[in-house]
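Each chain gets a letter, A, B and so on, in the order its sequence line appears, and its residues count up from 1.
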4 protein chains.
Amino acid sequence: MEPSKRGRPRSTDADRSILEAARDLLLEGGYDALNLAAVAERAGVAKQTVYRRWSSKSHLVAGAVLAGVLAPSGIAAVAVAGADPGVGAEAAEPREASDEPGGLHEWMRRLAASLESPANAATVRALAAAAADDDDDAARLYERFTGPTRRLLVEVLEAGRDRGEVRTDADLEAVADAVFGVALYRILARIDDPAAGIDSLATILVDGLAPRTATR
Amino acid sequence: MEPSKRGRPRSTDADRSILEAARDLLLEGGYDALNLAAVAERAGVAKQTVYRRWSSKSHLVAGAVLAGVLAPSGIAAVAVAGADPGVGAEAAEPREASDEPGGLHEWMRRLAASLESPANAATVRALAAAAADDDDDAARLYERFTGPTRRLLVEVLEAGRDRGEVRTDADLEAVADAVFGVALYRILARIDDPAAGIDSLATILVDGLAPRTATR
Amino acid sequence: MEPSKRGRPRSTDADRSILEAARDLLLEGGYDALNLAAVAERAGVAKQTVYRRWSSKSHLVAGAVLAGVLAPSGIAAVAVAGADPGVGAEAAEPREASDEPGGLHEWMRRLAASLESPANAATVRALAAAAADDDDDAARLYERFTGPTRRLLVEVLEAGRDRGEVRTDADLEAVADAVFGVALYRILARIDDPAAGIDSLATILVDGLAPRTATR
Amino acid sequence: MEPSKRGRPRSTDADRSILEAARDLLLEGGYDALNLAAVAERAGVAKQTVYRRWSSKSHLVAGAVLAGVLAPSGIAAVAVAGADPGVGAEAAEPREASDEPGGLHEWMRRLAASLESPANAATVRALAAAAADDDDDAARLYERFTGPTRRLLVEVLEAGRDRGEVRTDADLEAVADAVFGVALYRILARIDDPAAGIDSLATILVDGLAPRTATR
DNA sequence: TTTTAAGCGAGACGGTACGTCGTGTCTTGTT
DNA sequence: AACAAGACACGACGTACCGTCTCGCTTAAAA
């Protein structure tokens, strides 16, 4: 698994400049407008040097998304917060205790904020396009991109359940999917004001998650 | 606006066979693997005959998806039910009165059922890819595809609100987005059992939508 | 064998402008310096339009050589004289009777003159390069390029033999090869003054071809 | 000029195995099909080790051809016979006195014999391709390859002239070119039986070279 | 014995051309 | 007019080869 020790080692400069070039072009024109010759040229690198690392355009974009060079704040930051304080993403502060189930409101406000950033929208669209191109890797791509945050959200909700704030029979995975789904949908559908109503949805979810008090 | 009366009329056979060919290829390999030359050949038609009807690949795919050729039942049928009882989509039964807010459970169960069909998943992926391809038309495409169902859902929820089953300050649009978003997310992310937990999510939403009774 | 009557016919303008572009680039930089993208661009044509006609660079060059767009005078003119008064090569005057065997001197003087022309040198080098690239077609290429002139030369020598000016046991094919060979060799080897000594060689050949008068 | 005495000396094994690999690949597929990575791999050597010795592909091919690795006998042997009894080419026997001008017949018979060998044909083609590749070096390359033999031939002819067997005004260089030219032409043009007629041509040349005795 | 200079295997690198593919338009003759 | 057929301009794709470079390691002469 480790890189062969023989021969000239791959240039880490090239790694970086390729990903940056890909990010820039992605932000400028989206997935379609990105082409590998332009990436290579902007990165000051030969096309083959790109292909040596990523076997196709969609792999490159996937790489850029996963490396976190895209969207250094917002959704991606949320995504990696507390999970993999790695590449280019400064770790978010540990979340404090909250009086509501898992700080879901806070969570979704952050999500709403991230929806407004064009860079985040571009990232998500790039992710979707790369995943569409690459049937096999799609699941892995989404998993790696949303996984850490998603798990964090589920843990947070579970902690709320343990504190008795969330009903025990709730499917917390489904709630997490709803949270990510609404963000994805609003970005892909280019809904005008993507953050609108998020707060209200959070309220509904929080209320819906609360333990049932009456027979209703 | 009406078609010119002069000259040879357009072949309706061609319309149908093109859409069928597009559907087949879409199901076989997805959006990327579909190319217009192959569509034309399989339809037994010249390429120009396709372009005379749809101005681009993404429009053709949108057309195939919206015509319901791709998925005569399921999501697409839900989508157009009651709205545009048109091409190839048999109208769903009128929904009966329900004792819960807007029959949301029933709704989401149908949605969940439609998620299980590979053909529907393919439809949604094709739609997403077509929208990604065509930045300007993306909003319109999503609107055309989800619009009718979405409006219906909102109406149903509004009826529930009028009956006092749904709190008045709830952002019903946001709820609708959550419903569609979760479906979209699960399909695009290739989540194994896309329908799992939908019922439970519906319960949460229903409960969350209920009027607040106390201080909570 | 005739071109299919259906569909848009191939543009003869493109045929011509591609060959002209190939010729120009060949004259400017030789075989190596010619690349198909440049040919297409200069011809105002898409690369695929070139490939539709010639399946590779060497085929294109072969085509250019054979079409006679290269070297409209000199060797090529000699080559096509009396044979195929076609593309761009004005037919040479019919040769008059001569007092020496087949006018070999005259022939070789023309050959010598053609050796001085850079365009001819370029043509021959292009021919050699294309033939080298294309093992199977090499024989055909040389045959079609030199064939007509070569046959003409042989006929001329045979006429001389019939008039009793050339010994009957001489292998006239071998003489023809010597004539073409010396030209080829001097061009490929970039011999400084390619025409030097040709006249003297002609004399030797003429004398050598004369019927033996004595026992020697 | 002599190799620096410091450092690790160059491997003579590498020299040999590179030339052998080059020869093999040349015989298998010709100049075009030979690529340096394959040469290096087959020679069990790094690419740089090749480039340390020959500065380019054409130089390597020239080297392989000139070293006689390609054709230890035949044309190459003729070429270097008596001149540079060097690398891999065993010297030909000293030629005996002949009763005809310079033993031209004998010479050309040997040449004809060498034409029959596919390996020699490949050599010549490789040489031509290497020369075509390297415009500046072409003259030098031909000179190095044909020079020694050519000079020998001219000397032989001069000796004949000195003995009064060859007319004094004959351009012997031109004759030599004709001899090499016909060989080159027949090989490059893939003429079926390259050796045919050579003997007869020799007779013609010999006769043509003989001093003029009468009014002709 | 330790430097030091060069050779060497491996393989990445910049560059350039290759030949293919897909989109959307255009041009024939035919219906 | 629409249609079948297929050429066309455009532009991206992924591959191949050239000749250079950069690693870590080896070899042998010089210090």
Side-chain angles (χ1 to χ4, degrees), chain A residues 3-11 13-14 32-38 40-41 43-53 55-57, chain B residues 3-11 14 32-38 40-41 44-58 60 133, chain C residues 3-11 13-14 32-38 40-41 44-57, chain D residues 3-11 13-14 32 34-38 40-41 43-58 133:
Chain A
S4 167
K5 223 54 187 132
R6 314 229 292 201
R8 178 175 174 174
R10 297 238 174 122
S11 160
D13 280 11
D32 286 4
L34 176 141
N35 74 291
L36 284 213
E41 189 187 9
V45 136
K47 220 165 38 146
Q48 187 59 45
T49 298
V50 180
Y51 279 104
R52 204 171 284 118
R53 292 161 168 73
S55 61
S56 71
K57 173 174 166 173
Chain B
S4 166
K5 233 42 185 146
R6 306 251 306 210
R8 177 173 172 176
R10 291 206 182 155
S11 157
D32 269 36
L34 174 143
N35 77 290
L36 284 210
E41 190 188 9
V45 135
K47 229 172 25 152
Q48 187 58 47
T49 299
V50 179
Y51 278 105
R52 206 171 282 120
R53 291 161 168 75
W54 294 275
S55 63
S56 71
K57 172 173 168 175
S58 57
L60 168 61
D133 222 48
Chain C
S4 166
K5 223 53 189 137
R6 313 230 291 204
R8 178 174 174 174
R10 298 236 174 124
S11 161
D13 280 11
D32 286 4
L34 176 142
N35 75 292
L36 285 213
E41 190 188 9
V45 135
K47 219 168 32 150
Q48 186 59 48
T49 299
V50 180
Y51 278 105
R52 204 171 284 118
R53 290 161 168 74
W54 293 279
S55 63
S56 71
K57 173 174 166 173
Chain D
S4 167
K5 232 46 187 142
R6 305 254 304 206
R8 177 173 173 177
R10 292 208 181 151
S11 158
D13 280 10
D32 270 35
L34 175 144
N35 76 291
L36 284 210
E41 190 188 8
V45 134
K47 231 173 18 153
Q48 186 59 46
T49 299
V50 180
Y51 278 105
R52 206 171 282 120
R53 290 160 169 75
W54 293 276
S55 61
S56 71
K57 172 174 168 174
S58 57
D133 223 48

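Summarising the geometry, the separation between CD on Glu41(C) and P on dC10(F) is reported as 10 Å, rounded to the nearest angstrom.
Comparing dC13(E), dA4(F), dC23(F) against the side chain of Thr49(B) picks out dA4(F) as the nearest.
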Please list, pair by pair, any protein nitrogen or oxygen found under 3.5 Å from a nitrogen or oxygen in nucleotides 15-19 of chain E.
from    : atom 1 : to       : atom 2 : distance (Å)
dC18(E) : OP2    : Leu36(C) : N      : 2.7
dG19(E) : OP2    : Tyr51(C) : OH     : 2.5
dG19(E) : O5'    : Tyr51(C) : OH     : 3.3
dG19(E) : N7     : Lys47(C) : NZ     : 2.9
dG19(E) : O6     : Lys47(C) : NZ     : 2.9

Considering only nitrogen or oxygen atoms on both sides, find all protein atoms under 3.5 Å from nucleotides 29-31 of chain E and state each distance.
from    : atom 1 : to      : atom 2 : distance (Å)
dT31(E) : O2     : Arg8(B) : NH1    : 3.3

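Closest approach of Ala40(A) to Ala46(A), counting heavy atoms only: CB-C, 4.0 Å. What you find for Ser11(D) and Ala14(D) is that their closest heavy atoms are OG-N, 3.0 Å.
By the salt bridge (Lys or Arg N to Asp or Glu O under 4.0 Å) test, Arg53(B) pairs with Asp15(B), sequence neighbours left out.
For Arg53(A) and dC13(E), the shortest distance from a side-chain N or O to OP1 or OP2 is below 4.0 Å. Residue Arg10(B) has no polar side-chain atom (N or O) positioned under 4.0 Å from OP1 or OP2 of dA1(F). Look at Arg6(A) and you won't find any side-chain N or O under 4.0 angstrom from OP1 or OP2 of dC25(F).
Inter-residue side-chain proximity for Tyr51(B) and Leu36(B) is flagged as met; some heavy-atom pair is nearer than 4.5 Å.
Screening Leu34(D), Asn35(D), Val50(D) for a side-chain contact (heavy atoms from CB on, under 4.5 Å) with Lys57(D), the sole residue that qualifies is Leu34(D).
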